[in-house]
2 protein chains.
Amino acid sequence: MEPKGKKILIADDEPDILEILSYNLTREGYETITAKDGEDAIQKARLYKPDLIMLDVMMPNKNGMEVCKLLRTQPVYQDTLIIFLTALSDETSHIKGLEYGADDFISKPVSPKILVSKVNALFRRIQKPDDKTIQTGSIIIDPVKFVVTINGQDIVLAKKEFELLHLLATKPGRVFLRNEILSQIWGTEVIVGDRTIDVHIRKIRQKLGIDCITTVKGVGYKMVV
Amino acid sequence: MEPKGKKILIADDEPDILEILSYNLTREGYETITAKDGEDAIQKARLYKPDLIMLDVMMPNKNGMEVCKLLRTQPVYQDTLIIFLTALSDETSHIKGLEYGADDFISKPVSPKILVSKVNALFRRIQKPDDKTIQTGSIIIDPVKFVVTINGQDIVLAKKEFELLHLLATKPGRVFLRNEILSQIWGTEVIVGDRTIDVHIRKIRQKLGIDCITTVKGVGYKMVV
DNA sequence: TTTTGCGTAAACATATTGTTAAGATGGAAC
DNA sequence: GTTCCATCTTAACAATATGTTTACGCAAAA
């Protein structure tokens with residue numbers, strides 16, 4: 001199977017389980033990293049930035065719940081998928097796990113078929129929300145990479161310019177009032193003149209080359225569809 | 001079968017066994033070296049630095065256990081895999097072997113299928129921790145060796161510098177906010193000034209020579225793709 | 001014609017980062 | 001213990017990108 005470019009961290013204190021999970025996921029094209037306990041999992045997570053983390057609930061040196069809780073507090077792991085490995089019919093863990101932000105559960109003993117299908121399903125599900133890119137027409141806006149790609153060419157925008165374009169692109173065709181724009185980009189605290197928006201709009205139009213922003217006189221601006 | 005680039009040293013006093021093992025492993029793509037007794041094994045190990053050593057427990061001129069014990073005392077062979085060849089149901093050897101740092105056992109008479117699968121499994125297990133390198137463009141980052149290689153030339157980075165570069169390289173193209181960087185590299189406990197990050201970034205850029213880190217003003221830093 | 005709202009360019013102000021050097025720290029060698 | 005060394009951190013200042021305002025022009029609506 002061709003590589004999927006996804007890293008999976010597996011944490012369990014039983015080497016046999018690690019072996020089985022790792023083998024099956026590797027065969028599916030995933031890259032796997034293993035950890036033998038909670039502390040090890042946290043360290044490896046920090047090191048490898050996996051896309052998915054599988055945590056055994058019962059582990060020495062911080063159990064799965066604790067690890068999950070800890071990771072979720074950090075913004076970097078906000079979008080990381082987390083699966084718990086639980087004993088069959090362990091309802092308490094399920095409820096607690098959901099509170100801590102688990103994405104799914106797999107019961108032991110692990111069926112390779114279920115394992116693989118669940119993992120695939122999760123990655124399929126986040127495919128959209130994970131890349132928060134917005135595409136309208138030939139313009140691709142990627143807030144993660146902080147670049148605007150247009151016809152395959154990357155264009156660098158300044159922070160405010162980017163935020164402004166991104167805001168308009170969230171609802172293409174919808175008109176954003178000047179007030180809306182001000183409160184969204186600048187916040188309610190700072191007060192800037194009206195011309196400020198114009199100037200930024202101009203710079204965006206200039207840098208993009210394409211006229212993708214329409215002026216609605218007396219109202220605001222909108223993205224063309 | 002294509003070569004795996006792994007060397008296996010087989011030590012046994014029975015030529016027939018050497019023949020069988022060597023044949024099956026070679027057919028799997030491994031490179032094999034044979035030794036006829038304990039002393040010979042030690043000498044060949046020193047000479048060839050094999051990735052795996054298979055030791056017959058009963059051998060003239062130092063038996064398998066003695067050889068294992070001797071090798072394990074030397075740091076060079078700390079990570080070398082060692083498999084013992086034992087008579088069927090030789091419990092004592094198993095227990096002793098584990099004490100001496102054996103990784104697995106194979107009972108005689110040897111089944112080629114079991115042999116191959118065990119060897120493969122062992123290499124698969126150690127493959128993960130060994131394969132931690134990140135490569136982006138011409139830059140190779142190896143957290144194990146703690147070395148950054150760029151165009152075949154090794155560059156030495158200090159700890160913080162290395163961690164920072166490594167963090168950015170985990171998700172090339174993605175922008176890491178200053179907060180993220182701080183919490184990842186420095187943790188939430190310690191508080192360092194903003195300039196600290198800049199200084200480290202500068203040192204990295206200086207040492208690498210290539211401008212592989214882009215600064216996104218008001219946002220953070222990112223690795224170029 | 002007058003008014004209103006927006007576009008544009010340049011000037012200005014500010015925030016953010018780059019750079020350098022100098023202490024602070026801690027570990028290794030002696 | 002002392003000395004040495006590399007690393008880390010901070011502070012001060014320079015450089016630059018960015019954000020904002022100003023001033024003026026234009027066009028369409030009243």
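Predicted model only: the values in this text are computed from it and were never measured. Lettering follows sequence order; numbering is per chain, from 1.
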### Summary
Within residues 159-166 of chain A, those residues having any heavy atom closer than 4.0 Å to DNA chain D are Lys159(A), Lys160(A)
### Query
Counting only non-hydrogen atoms, which of residues 211-225 of chain A are less than 4.0 Å from DNA chain D?
none
Show the atom names and distances, to 0.1 Å, of all donor-acceptor pairs under 3.5 Å that link a side chain in residues 52-69 of chain A to residues at least two apart or in another chain.
| residue | atom | partner | partner atom | Å |
| --- | --- | --- | --- | --- |
| Asp56(A) | OD1 | Lys108(A) | NZ | 3.2 |
| Asp56(A) | OD2 | Lys108(A) | NZ | 3.4 |
| Asn61(A) | ND2 | Asp37(A) | OD2 | 3.2 |
| Lys62(A) | NZ | Glu39(A) | OE2 | 3.0 |
| Asn63(A) | OD1 | Met65(A) | N | 2.9 |
| Asn63(A) | OD1 | Glu66(A) | N | 3.0 |
| Glu66(A) | OE1 | Asn63(A) | N | 2.9 |

## Note on the structure
Between the CG atom in Leu25(A) and the NZ atom in Lys6(A), the distance rounded to the nearest 0.5 Å is 14.0 Å
### Summary
Under a 4.0 Å heavy-atom cutoff, the residues of residues 197-207 of chain A touching DNA chain C are Asp198(A), Val199(A), Arg202(A), Arg205(A)
### Message
Can you list, in residue-number order, the parts of residues 168-192 of chain A that come under 4.0 Å of DNA chain C, counting heavy atoms only?
### Response
Arg178(A)
### Task
List in chain and number order the residues that pass ring-ring contact (aromatic ring centres under 6.0 Å, His included) with Phe162(B), two or more places apart in sequence or in another chain; answer none if no residue qualifies.
Phe146(B)
### Query
By ring-ring contact (aromatic ring centres under 6.0 Å, His included), which residues pair with Tyr48(B), not counting sequence neighbours?
none
Mind listing the side-chain donor-acceptor pairs of residues 174-187 of chain A below 3.5 Å, one per line with the distance, residues two or more places apart or on another chain?
| residue | atom | partner | partner atom | Å |
| --- | --- | --- | --- | --- |
| Arg174(A) | NH2 | Glu180(A) | OE1 | 3.0 |
| Arg174(A) | NH2 | Glu180(A) | OE2 | 2.4 |
| Arg178(A) | NH2 | Asp194(A) | O | 3.4 |
| Arg178(A) | NH2 | Asp198(A) | OD1 | 2.3 |
| Glu180(A) | OE1 | Leu177(A) | N | 3.0 |
| Ser183(A) | OG | Asn179(A) | O | 3.3 |
| Ser183(A) | OG | Glu180(A) | O | 3.0 |

### Task
Mark yes or no for whether Asp51(A), through its side chain, and Lys7(A), through its backbone, hold a donor-acceptor pair below 3.5 Å.
yes
### Task
Give a yes or no on whether the backbone of Arg46(B) and the side-chain of Lys49(B) come within a donor-acceptor separation of less than 3.5 Å.
yes
Looking only at heavy atoms, which two atoms of [X] and [Y] are closest? And how far apart?
X	Y	value
Ala169(B)	Ile141(B)	CB-CD1, 3.4 Å
Ser22(A)	Thr34(A)	CB-CG2, 4.4 Å
Pro172(B)	Thr136(B)	CG-CG2, 3.1 Å
Ser138(A)	Ile210(A)	OG-CD1, 4.0 Å

Sequence neighbours left out, cut at 3.5 Å: what donor-acceptor pairs do the side chains of residues 150-159 of chain A make with other protein atoms?
| residue | atom | partner | partner atom | Å |
| --- | --- | --- | --- | --- |
| Asp154(A) | OD1 | Thr149(A) | OG1 | 3.0 |

## Note on the structure
So the contacted stretch of DNA chain D, first to last nucleotide with an atom under 4.0 Å from a non-hydrogen atom of chain A, runs from dT18(D) to dA23(D)
### Task
Measure from CZ on Arg195(A) to P on dT8(C) and round the result to the nearest Å.
12 Å
### Query
Is there a side-chain contact between His200(A) and Ile197(A), using heavy atoms and a 4.5 Å cut-off?
no
### Task
Hey, which sits more toward the 5' end of DNA chain D by its nearest nucleotide, Gly193(B) or Leu157(B)?
Leu157(B)
### Exceeds 12 heavy-atom contacts within 6.0 angstrom, atom CG of Leu47(B)
yes
### Query
For Arg205(B) and Thr215(B), does a side-chain donor sit closer than 3.5 Å to a side-chain acceptor?
no
### Query
Can you name the residues that form a salt bridge (charged side-chain N to carboxylate O under 4.0 Å, His left out) with Lys145(A), not counting sequence neighbours?
none
### Query
side chain to side chain contact (heavy atoms under 4.5 Å, CB included) with Ile213(A): which of Ile204(A), Val224(A), Leu164(A)?
Ile204(A)
All N/O contacts under 3.5 Å from nucleotides 23-27 of chain C to the protein, with atom names and distances to one decimal?
none

